[in-house]
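Protein chains get the first letters and strands the later ones, always in sequence-line order, with residue 1 at the start of each. Treat the numbers as computed from the prediction; the structure is a model and nothing was measured. Basis for what follows: all heavy atoms, side chains included, without hydrogens, waters or symmetry-related copies.
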Amino acid sequence: MTLRAAEWHKLPTSLTELCINTTLRCGQSFRWRKSAEDEWSCALHALHYRAIYPSPTTKLLTPPPSNAPSVTAEDDTLALINHYFNLAPDLGQLRAPKFTGIRILRQDAWEALIGFICSSNNISRISGMVHNLCLHYGPLIAHLDDVTYHDFPTPDALSGPDVEAHLMKLGFGYRAKYIAKTARIVSQDKGLKWLQDLSNPECPQFGVPEQPAGELLEGGREGYRKAHEELLALHGVGPKVADCVYLFGLGWSESVPVDTHVWQIAQRDYKFGKDKHSSLTAATYIAVGNHFRKLWGKEAGWAHSVLFTADLKAFSERVVAKKEVKEEEVVVKQEDGETVVEDVIKKETTKRKRVKKEPGENEHNVLEVKTETTRRSKRQRA
DNA sequence: AGCAGACCTCAGAG
DNA sequence: ACTCTGAGGTCTG
């Protein structure tokens, strides 16, 4: 593995337009990790990014979903960053509630699908599960500063015969079956292209040209309503998980995932929870989404995330989950003639601790991005 | 259509 | 040190 460093680039945005600490922690993605040195990192595409604030330092590390188009030049790196962080829309122009810096990431649809199947959990536990998926089934991308970076596993990698039992052992619970079944359907039956073709044509997967997506109707645009039916057929995918995938992985901005949190907000601020909609039934779920769409149109999902995060934020000022990682077992084993680099079963214990709000959280620093290109010199073999 | 209980793990309460 | 309860979303009956 060779790393080639490139010039420093200034990300074409300000912190009013993108707040990394909020955007990467608000429960829309589960793979970014923040180190003790205040650096964010994630394996994503065949690249290695580095972003810093004047102080403290923030680093974004990145390598590739194997299904993504290969990107090598720095110009494309910037395009990828613009795409992933969804930097094109001007937040100042949005009618959504004011809460600066929250972006709806444009994540890989497959990763979002599996990630949100794990999502009947708190964010730190979902992150742990997704991390374990990458560690055990994702291709090794880089070894840097004593940290190994694995990409998100492909549908093929998750459709082996022992996946369900193994995930059970890793503490996935009933989600183990959902993941195994969904992976098998996508890899052997429907195909990844099927999933990606459910994307909003106005907001396609990286590298795909944009197409118009039609008029907004009460229940969302035609394509969104149609995509709805498709994903619900998968095991472990109900309306909430499907809406998360539409919003964060398939670019349908009118999607409003109603979880218990959003349901609280709907009751508290929008007079839901009475008569007809006294509990969160399927009909109530649709009514909440339609109400948000009536208020914010195509940006309903964005607005929803802002409200959601604002609530999350208020919560996190009082109580912050502090994580302790304990290594229980380290095994090196072989699979299919390829070296499985580390088979580490980690158990994460979460302790709740009262802390003050982190200083500098909302400071308007300049965000810079350093790009580096990773090249795989050779595939590791046993 | 709505609702209750099962699924599974973990944290927190008692 | 122990058991019990509740949270999280989906599925089944």
Between [atom2] on [N] and [atom1] on [X], what's the gap in Å once rounded to a whole number?
X: A:K177; N: B:dC8; atom1: NZ; atom2: P; answer: 7 Å
X: A:L167; N: B:dT9; atom1: CG; atom2: C1'; answer: 14 Å
X: A:W263; N: C:dG9; atom1: CH2; atom2: P; answer: 13 Å
X: A:Y285; N: B:dC3; atom1: OH; atom2: P; answer: 18 Å
X: A:D259; N: C:dG8; atom1: CG; atom2: P; answer: 8 Å
X: A:F172; N: C:dT10; atom1: CZ; atom2: P; answer: 17 Å
X: A:H261; N: C:dG9; atom1: NE2; atom2: P; answer: 10 Å
X: A:N121; N: B:dC7; atom1: CG; atom2: P; answer: 18 Å

Open item on the list: Is it the case that the side chains of A:S127 and A:S124 hold a donor-acceptor pair, with the cut-off being a distance below 3.5 Å and no angle test?
Closed with: no
Open item on the list: Looking only at the side chains, is there a donor atom on one of A:T154 and A:D156 sitting less than 3.5 Å from an acceptor on the other?
Closed with: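 Not at all, the side chains of A:T154 and A:D156 share no donor-acceptor pair under 3.5 Å.
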TODO: Among the candidates B:dC7, B:dC10, C:dT10, find the nucleotide nearest to the side-chain atoms of A:Y174.
DONE: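 Between B:dC7, B:dC10, C:dT10, the one nearest the side chain of A:Y174 would be B:dC7.
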- [ ] Report the nucleotide, chosen from B:dC8, C:dG9, B:dC10, that has the shortest atom-to-atom distance to any side-chain atom of A:R175.
- [x]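 Nucleotide nearest to A:R175's side chain: B:dC8.
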Task: Rounded distance [0.5 Å steps], CG in A:L192 versus CG in A:D108 - done: 7.0 Å
Task: Salt-bridge contact A:K181-A:E164 (side-chain N to carboxylate O under 4.0 Å) - done: no
Open item on the list: By the 4.0 Å heavy-atom rule, please label A:L280 as base, sugar-phosphate, or nothing.
Closed with: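 Contact class for A:L280: none.
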TODO: Check every strand shown and say whether A:A176 touches a base, only sugar-phosphate, or nothing at a heavy-atom separation below 4.0 Å.
DONE: nothing
Does [X] put a side-chain nitrogen or oxygen below 4.0 Å from OP1 or OP2 of [N]?
X: A:S279; N: B:dG2; value: no
X: A:T260; N: C:dG9; value: yes
X: A:T281; N: B:dG2; value: yes

Task: Partner of A:R31 by side-chain hydrogen bond (donor to acceptor under 3.5 Å, both in side chains), out of A:E111, A:H131, A:H150 - done: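 Single side-chain hydrogen bond (donor to acceptor under 3.5 Å, both in side chains) partner of A:R31 among A:E111, A:H131, A:H150: A:E111.
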